[in-house]
*Asks:* 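The structure is given below, and queries will be raised subsequently.
Since the structure is predicted, the reported quantities are computational estimates derived from the model, not experimental observations.
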Amino acid sequence: MEKFETFTGIAAPMPLVNIDTDMIIPKQFLKTIKRSGLGVHAFDEMRFDREGNEVPDFVLNKPAYRESSILVAGDNFGCGSSREHAPWALADFGIKVVVSTSFADIFFNNCFKNGMLPIVLPQEQVDLLMSDAEKGENARMTVDLEAQEITTSEGEVIKFDVDPFRKHCLLNGLDDIGLTLEKADAIKSYEERVAQERPWV
Amino acid sequence: MSPKTLYDKIWDAHVAQEAEDGTCLLYIDRHLVHEVTSPQAFEGLRMSGRKVHAPDKTIAVPDHNVPTTAGRENPDQMPEDSRIQVAALDTNAREFGVHYYPVTDIRQGIVHIVGPENGWTLPGMTVVCGDSHTATHGAFGSLAHGIGTSEVEHVLATQTLIQKKSKNMKVEITGKLSPGVTAKDVVLTIIGETGTGGGTGYVIEYCGEAIRNLSMEGRMTICNMAIEGGARAGLIAPDETTFEYVKGRPHAPKGAQWEAAVNWWKTLYSDDDAHWDKVVTIRGEDIAPTVTWGTSPEDALPITATVPAPEDFTGGKVEAARRSLDYMGLTPGMKLSDIEIDTVFIGSCTNGRIEDLRAAAEIVKGKKIKDGMRAMVVPGSGLVRAQAEEEGLADIFKDAGFEWRLAGCSMCLAMNPDQLSEGERCASTSNRNFEGRQGFKGRTHLVSPAMAAAAAVTGKLTDVREL
């Protein structure tokens, strides 16, 4: 996994609540056996009409937002399916950070596995970032994970929380599986104990 | 010892290691695998030269892509991308030596129906799958939840997950359900009440007299949709109903081990004075047959209600409701029971079990579906299908004009050829009414099997109590 580094980018406003994983990546694109290449299909049914033409008023089709790397979204972003294709599609599009008042649990977890940072903020601060994002491509925000800060285009600094272990993994690009395999002894002794206590498992 | 919830007890029994910050390595007892969310995980193992840690605890079955029509053993029935995905599961299952039910096996079906049916799912277990409806297995008093593909790879490689504990939420349904009201109506009502984000950060335990009186099939329907309420998992304490269902299943414990297992399972309940972070109570008597009108499972109302207006909501939901009504082609104020239906889908991991088919068959018996209606029954597994045929349910459906299909996820998410066309309106026993879920611009109303059957007969959303 690539290390998460401080960056400055365009934020796209998506105020709709309950943006679900079927919207982020519709099922017809789940038939891939690869992780890459899904960015062109991100938000497919909102972004394109049936003939494949761009829907001009969809935010990521607007000239100002085509290069967005941050999404500022309505409540409960990423609800629905467990499909990791959703963060794969967003990451492949170029999204590194999603800001919302809340995220669906599985989507939230999946982001961290793909070098993406989902940030939860109170409503007033999401509103503030939403207004900033609505200014278009001149409104570039900076996200600094080390300092846990977002800086708006006006220079206003917003602090955010992040789980320390997940922050550590993102900043260092660490692979979870490698970390867990270092604990093979703990897993083995757990298995030996349970084989005695609950042999039917 | 401090009092614990059921979730606390199962969690504690599965912590292989705990770090100082509370991050745990949680041991996984059963890992279910399907063709859509696993190819990249197996490929990851291959690239790093890793093996499946516990192939004996890993069960693979193709369900999302498979056609539900005759002759599907021939892979040429599938479009190329589906064929590749199903073939990849076949190769991976055989190469890594996990349990496997291909479409030629009568036990094949939707992964969440296959697990319980074959006794893989047992009380007190941790069960995961790269599928959000893994919550289904919580009906057995097991901690079951969906994971992403990276976590699928993590479980394959280590049989554990890196987890932090969720909070405890209790949803109590008191009293008795009225005639015509089923588990599906209960869970839609709960989500209507709590919202799709109401369970975020929690594991929900469903309890109360009305839950206790449900069959295992009904309990699975409830837990299945815990995820639609945003919860990590939903669970129900195991009891005699649970033990009765599990006993004698192929992979359930036998003999002395059965006795030992039941003894432990009987300790799996929330202590009286356990701490709850959130409690929701609903009177069973207040629940009516329920349908959804919008494009979020929280858009649930009694069939006797009318379509709401955007102004009935606040905050971001106003705009979302406007968008939903436009998408669904509905006008505020119209009666839900006046909504005309083109298609009926009975099936899915929510409502594709034998009891669901019985409930639907009871409504359509001796009747015909409305002229021009497209109606299909897709049993949740080959075993459910065989049982329904033996009980004469298949004939009832076929005589009424339903298509009688082979097992799979089918039109619940329309990854196979079973899809809605643009504007087509469906009464569906599935779990999600999202935009495009059942086909591009397709319109979904979530209902119980009995309500779906009633709609097939009348051609409209119908109060099953009036049939």
*Asks:* Are any side-chain N or O atoms of Q28(A) and backbone N or O atoms of M415(B), one a donor and one an acceptor, separated by less than 3.5 Å?
*Replies:*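 Not confirmed, Q28(A) side chain does not pair with M415(B) backbone.
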*Asks:* Contact part of S81(A) toward chain B, heavy-atom cut-off under 4.5 Å: side chain, backbone, both or neither?
*Replies:*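 Both backbone and side chain of S81(A) come within 4.5 Å of chain B.
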*Asks:* As an exercise, state the distance from CG of D105(A) to OH of Y202(B), rounded to the nearest 0.5 Å.
*Replies:*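 With rounding to 0.5 Å, CG (D105(A)) is 12.5 Å from OH (Y202(B)).
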*Asks:* Which heavy atom in S132(B) sits nearest to a heavy atom in S82(A), and how many Å separate them?
*Replies:*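 Here S132(B) and S82(A) meet closest at N-OG, 3.5 Å.
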*Asks:* So what's closer than 4.5 Å to chain B heavy atoms on I33(A): side chain, backbone, both or neither?
*Replies:*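 Both parts, heavy atoms under 4.5 Å.
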*Asks:* Check step by step if side-chain contact (heavy atoms from CB on, under 4.5 Å) holds for S150(B) and D176(A).
*Replies:* CA-CA 9 Å; S150(B) 296; D176(A) 277 355; over 6 Å; no
*Asks:* With respect to chain B, which residue among T180(A), V17(A), T32(A), N109(A) yields the maximal number of heavy-atom pairs within a distance under 4.5 Å?
*Replies:*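 Answer, by heavy-atom pair count under 4.5 Å with chain B: T180(A).
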*Asks:* In terms of heavy-atom proximity below 4.5 Å to chain A, should T158(B) be classed as side chain, backbone, both, or neither?
*Replies:*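 Both backbone and side chain.
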*Asks:* Out of E43(B), H64(B), E35(B), K164(B), which one racks up the most heavy-atom pairs below 4.5 Å with chain A?
*Replies:*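 So the answer, after comparing E43(B), H64(B), E35(B), K164(B), is K164(B).
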*Asks:* Run the side-chain contact (heavy atoms from CB on, under 4.5 Å) test on I177(A) and R50(B) for me, step by step, so that the C-alpha distance in whole Å, both residues' side-chain angles and the decisive distance to 0.1 Å come before the verdict.
*Replies:* CA-CA 10 Å; I177(A) 297 178; R50(B) 289 168 180 152; 3.2 Å; yes
*Asks:* Within residues 190-199 of chain A, which residues come under 4.5 Å of chain B, heavy atom to heavy atom?
*Replies:*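 At a heavy-atom separation under 4.5 Å, chain B is reached by Y190(A), E191(A), R193(A), R198(A), P199(A).
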*Asks:* Has K441(B) got more than 12 heavy atoms of other residues, nucleotides or ligands less than 6.0 Å from its NZ?
*Replies:*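 Check fails, neighbour count at 12 or below.
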*Asks:* Looking at chain A, which one of Q159(B), E153(B), K57(B) has the largest number of heavy-atom pairs inside 4.5 Å, strictly under?
*Replies:*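 Answer, by heavy-atom pair count under 4.5 Å with chain A: E153(B).
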*Asks:* Give, as side chain, backbone, both or neither, the part of A19(B) having an atom under 4.5 angstrom from any heavy atom of chain A.
*Replies:*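 Neither the backbone nor the side chain of A19(B) comes within 4.5 Å of chain A.
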*Asks:* Which bit of W265(B) comes within less than 4.5 Å of chain A, counting heavy atoms only: side chain, backbone, both or neither?
*Replies:*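 When you check distances to chain A, only side chain atoms of W265(B) fall under 4.5 Å.
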*Asks:* Above 12 or not: heavy atoms from other molecules or residues under 6.0 Å from CG of N263(B)?
*Replies:*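 Correct, the count exceeds 12.
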*Asks:* Which atoms of Q438(B) are under 4.5 Å from chain A, going by heavy atoms: the side chain, the backbone, both sets, or neither?
*Replies:*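 Backbone only.
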*Asks:* For the interface with chain A, which of I227(B), T134(B), D29(B), L25(B) has the highest count of heavy-atom pairs at distances below 4.5 Å?
*Replies:*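 Counting heavy-atom pairs under 4.5 Å, the top option is L25(B).
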*Asks:* Under a 4.5 Å heavy-atom cutoff, which of I106(A), D20(A), D175(A), N110(A) has the most pairs with chain B?
*Replies:*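 The residue among I106(A), D20(A), D175(A), N110(A) with the greatest pair count is D20(A).
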*Asks:* Identify which of I162(B), L122(B), T37(B), V152(B) forms the greatest number of heavy-atom pairs closer than 4.5 Å to chain A.
*Replies:*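 The candidate making the most pairs under 4.5 Å is I162(B).
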*Asks:* Pick one of side chain, backbone, both or neither for E422(B), based on which atoms fall under 4.5 Å of a heavy atom in chain A.
*Replies:*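 For E422(B), the side chain is the part near chain A, not the backbone.
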*Asks:* Look at K183(A), Q123(A), K27(A), K113(A) and state which one has the largest set of heavy-atom pairs under 4.5 Å with chain B.
*Replies:*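 Among K183(A), Q123(A), K27(A), K113(A), the one with the most close pairs to chain B is K27(A).
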*Asks:* Would you please test I187(A) and H53(B) for side-chain contact (heavy atoms from CB on, under 4.5 Å) and show each step?
*Replies:* CA-CA 11 Å; I187(A) 297 172; H53(B) 180 88; 4.1 Å; yes
*Asks:* Could you pull out all donor-acceptor pairs under 3.5 Å where a side-chain atom in residues 70-78 of chain A meets a protein atom, sequence neighbours excluded?
*Replies:*
residue: D75(A); atom: OD1; partner: T101(A); partner atom: OG1; Å: 2.7
residue: N76(A); atom: ND2; partner: N18(A); partner atom: OD1; Å: 3.0
residue: N76(A); atom: ND2; partner: T196(B); partner atom: OG1; Å: 3.1

*Asks:* State the CD-CH2 distance between E259(B) and W200(A), to the nearest 0.5 angstrom.
*Replies:*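 So the CD of E259(B) and the CH2 of W200(A) are separated by 11.5 Å.
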*Asks:* With a 4.5 angstrom heavy-atom cut-off, could you sort out which part of T200(B) is near chain A: side chain, backbone, both or neither?
*Replies:*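 Looking at T200(B), just its side chain touches chain A.
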*Asks:* Quick one: of I147(B), T149(B), T295(B), who has the most non-hydrogen atom pairs under 4.5 Å with chain A?
*Replies:*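 Result: the option with the highest number of such pairs is T149(B).
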*Asks:* Name the member of R35(A), R50(A), M23(A), K34(A) that forms the most heavy-atom pairs with chain B at distances under 4.5 Å.
*Replies:*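 Top option by heavy-atom pairs under 4.5 Å: R50(A).
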*Asks:* To the nearest 0.5 angstrom, please state how far the CG atom of L16(A) sits from the CZ atom of R322(B).
*Replies:*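 Reported value, rounded in 0.5 Å steps: 12.0 Å.
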*Asks:* About how many Å separate CD of E45(A) and CD of E435(B), when rounded to the nearest 0.5 Å?
*Replies:*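 Output value for this atom pair is 8.5 Å.
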*Asks:* Do you know which of R323(B), Q257(B), Q40(B) has the most heavy-atom pairs with chain A at a distance under 4.5 angstrom?
*Replies:*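 Max contact count across the listed options: Q40(B).
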*Asks:* Decide if atom CD of E54(A) counts as having more than 12 heavy atoms of other residues, nucleotides or ligands within a radius under 6.0 Å.
*Replies:*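 Counting other residues, nucleotides and ligands, CD of E54(A) exceeds 12 neighbours.
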*Asks:* Non-hydrogen atoms of chain B under 4.5 Å away: do they reach the side chain of F108(A), the backbone, both or neither?
*Replies:*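 Looking at F108(A), nothing touches chain B.
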*Asks:* Counting N and O atoms only, with roles assigned by atom type, does the side chain of R437(B) sit under 3.5 Å from a partner on the main chain of D22(A), one being a donor and the other an acceptor?
*Replies:*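 Answer holds: no.
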*Asks:* Examine whether an atom of S189(A) lies under 4.5 Å from a heavy atom of chain B, and if so say whether it belongs to the side chain, the backbone or both; otherwise answer neither.
*Replies:*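 Neither part.
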*Asks:* Side chain, backbone, both or neither: which part of A231(B) has an atom under 4.5 Å from a heavy atom of chain A?
*Replies:*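 The answer is neither part of A231(B).
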*Asks:* Is the backbone of V201(A) close enough, under 3.5 Å, to the side chain of R30(B) for a donor and an acceptor to pair up by distance?
*Replies:*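 Looks like yes, one N/O pair under 3.5 Å.
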*Asks:* Verify the neighbour count for atom NZ of K247(B): are there more than 12 heavy atoms of other residues, nucleotides or ligands below 6.0 Å?
*Replies:*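 No, because the 6.0 Å sphere around NZ of K247(B) holds 12 heavy atoms or fewer from other groups.
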*Asks:* Measuring from atom CG of L30(A) to atom CG of D81(B), what distance do you get when rounded to the nearest 0.5 angstrom?
*Replies:*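 Atom-to-atom, L30(A):CG and D81(B):CG are 10.5 Å apart.
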*Asks:* So which atom in A186(A) and which in A16(B) form the shortest heavy-atom distance, rounded to 0.1 Å?
*Replies:*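 Nearest heavy atoms, A186(A) then A16(B): CB-O, 4.1 Å.
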